[in-house]
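A short worksheet on the structure shown next.
Position 1 is the first residue of the sequence, and the numbers go up from there. Predicted model only: the values in this text are computed from it and were never measured.
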Amino acid sequence: MATQTPAVRHSRIGSAAASGRDLMRAFFTRGSRRRRQEDILLELLGQLRLMTEEIHRANLIQQYRLTLEQMDRMVDDPSMAEAASTLSGLSEARRRQMIFANRQYGNLLLSHRVGACDWDELLGHLRVLCRNARFAEYWDRTVEHRRSLPGDSLEAQVGAAVDIMLEELAEDPDEWWIVGPSPSNEPMS
């Protein structure tokens with residue numbers, strides 16, 4: 001008579017369980033391998049983003065170097081300064097001062113753009129710069145230049161902060177360290 005022995009039943013169940021276990025292991029292995037690949041891909045994308053930001057900062061610095069070279073030429077050669085300047089009615093010495101004031105402002109703006117100083121530090125540096133009469137004159141003479149800036153650009157937002165600082169300094173020059181926007185109200189850009 002045909003009877004099954006428990007060993008046969010057990011081996012069939014055992015082999016089915018082993019096969020199921022192997023399938024589950026393969027399924028989870030593929031899943032964990034896929035998760036690992038996704039994690040690696042996300043890490044690579046993060047590194048690519050950081051590298052892109054670093055290249056952008058390097059390009060900003062290089063562009064500023066080129067601008068500084070032109071400004072140096074303008075300071076050294078009054079005829080170049082006259083050709084490049086949009087400010088009229090200035091003596092050679094005053095034009096050089098305006099170029100230098102622009103240079104100082106540009107340097108502070110670049111420092112913030114590349115992450116060398118945060119918003120609060122930028123405001124602190126600008127407060128000190130706004131106390132300088134030549135910078136205030138430069139700012140007043142170049143108001144038209146800033147009108148074409150998009151309102152949401154960093155430079156327009158920094159310009160608005162400088163406008164507030166100069167206005168408040170005119171009202172109370174003795175409290176120069178607190179003029180301007182409140183710290184930590186960093187612009188959106």
Side-chain angles (χ1 to χ4, degrees), residues 1-73 101-130 139 142-143 145-165 177-189:
M1 314 253 188
T3 60
Q4 291 185 335
T5 62
V8 171
R9 234 185 272 137
H10 180 18
S11 67
R12 287 184 185 160
I13 292 173
S15 65
S19 291
R21 186 178 58 236
D22 290 342
L23 284 173
M24 290 299 286
R25 195 175 288 149
F27 175 76
F28 284 118
T29 301
R30 271 187 244 134
S32 70
R33 183 179 303 145
R34 182 178 198 102
R35 274 192 300 278
R36 185 169 171 262
Q37 289 172 341
E38 288 173 354
D39 290 344
I40 290 170
L41 183 59
L42 288 173
E43 177 66 27
L44 287 173
L45 287 173
Q47 289 176 6
L48 181 61
R49 181 186 53 77
L50 291 174
M51 199 166 74
T52 302
E53 290 172 2
E54 188 61 32
I55 289 170
H56 178 70
R57 283 190 292 272
N59 287 339
L60 284 172
I61 292 167
Q62 184 60 25
Q63 188 275 331
Y64 189 68
R65 273 193 195 120
L66 294 171
T67 301
L68 287 180
E69 287 175 13
Q70 288 180 330
M71 288 180 174
D72 286 344
R73 279 189 186 155
N102 177 270
R103 219 178 143 158
Q104 288 181 289
Y105 173 71
N107 188 43
L108 290 175
L109 195 60
L110 177 68
S111 295
H112 179 65
R113 281 186 171 146
V114 299
C117 69
D118 65 16
W119 179 250
D120 294 343
E121 290 171 309
L122 175 64
L123 292 179
H125 291 299
L126 290 170
R127 281 186 188 99
V128 173
L129 187 58
C130 286
W139 198 257
T142 58
V143 68
H145 299 153
R146 291 184 297 282
R147 290 188 192 212
S148 64
L149 295 171
D152 61 343
S153 71
L154 176 64
E155 193 166 353
Q157 294 172 9
V158 172
V162 171
D163 288 341
I164 292 169
M165 287 179 193
W177 62 91
I178 58 170
V179 297
S182 303
S184 299
N185 288 339
E186 189 155 357
M188 298 297 290
S189 54

Interatomic spacing from [atom1] in [X] to [atom2] in [Y] - rounded to 0.5 Å:
X      : Y      : atom1 : atom2 : result
Ser111 : Glu121 : OG    : CD    : 9.5 Å
Ile40  : Glu43  : CD1   : CD    : 9.5 Å
Thr142 : Arg147 : OG1   : CZ    : 11.0 Å
Leu45  : Leu50  : CG    : CG    : 11.0 Å
Leu41  : Leu48  : CG    : CG    : 10.5 Å
Arg34  : Asp39  : CZ    : CG    : 12.5 Å

Taking all non-hydrogen atoms of both residues into account, name the closest pair between [X] and [Y] and its distance.
X      : Y      : result
Ala156 : Pro150 : CB-O, 3.1 Å
Leu109 : Leu122 : N-CD1, 4.4 Å
Leu60  : Arg113 : CD1-CB, 4.0 Å
His112 : Asp118 : ND1-C, 3.6 Å
Gln104 : Leu129 : OE1-CD1, 3.7 Å

**Item:** Glu38 bridged to Arg35 by N-O distance under 4.0 Å
**Value:** no
**Asked** Are Glu53 and Arg49 ion-paired here, with the side-chain N under 4.0 Å from a carboxylate O?
**Response**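 Here Glu53 pairs with Arg49 in a salt bridge, since their nearest N and O are under 4.0 Å apart.
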**Message:** Counting only heavy atoms from other residues, nucleotides and ligands, does the tally under 6.0 Å from NE2 of His56 exceed 12?
**Reply:**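 Atom NE2 in His56 is not packed in, count stays at 12 or less.
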**Verdict with supporting geometry, Glu54 and Arg57, side-chain contact (heavy atoms from CB on, under 4.5 Å)** = CA-CA 5 Å; Glu54 188 61 32; Arg57 283 190 292 272; 2.7 Å; yes
**Gln62 and Arg65: side chain donor to acceptor below 3.5 Å** =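 There is such a pair between these side chains.
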**Asked** Do Asp72 and Arg103 pass the side-chain contact (heavy atoms from CB on, under 4.5 Å) test, and can you show the C-alpha distance, the side-chain angles, and the key distance before you say yes or no?
**Response** CA-CA 10 Å; Asp72 286 344; Arg103 219 178 143 158; 2.4 Å; yes
**Message:** Using only atom types and a distance under 3.5 Å, with no angle test, would you say the side chain of Gln157 pairs donor to acceptor with the backbone of Leu154?
**Reply:** no
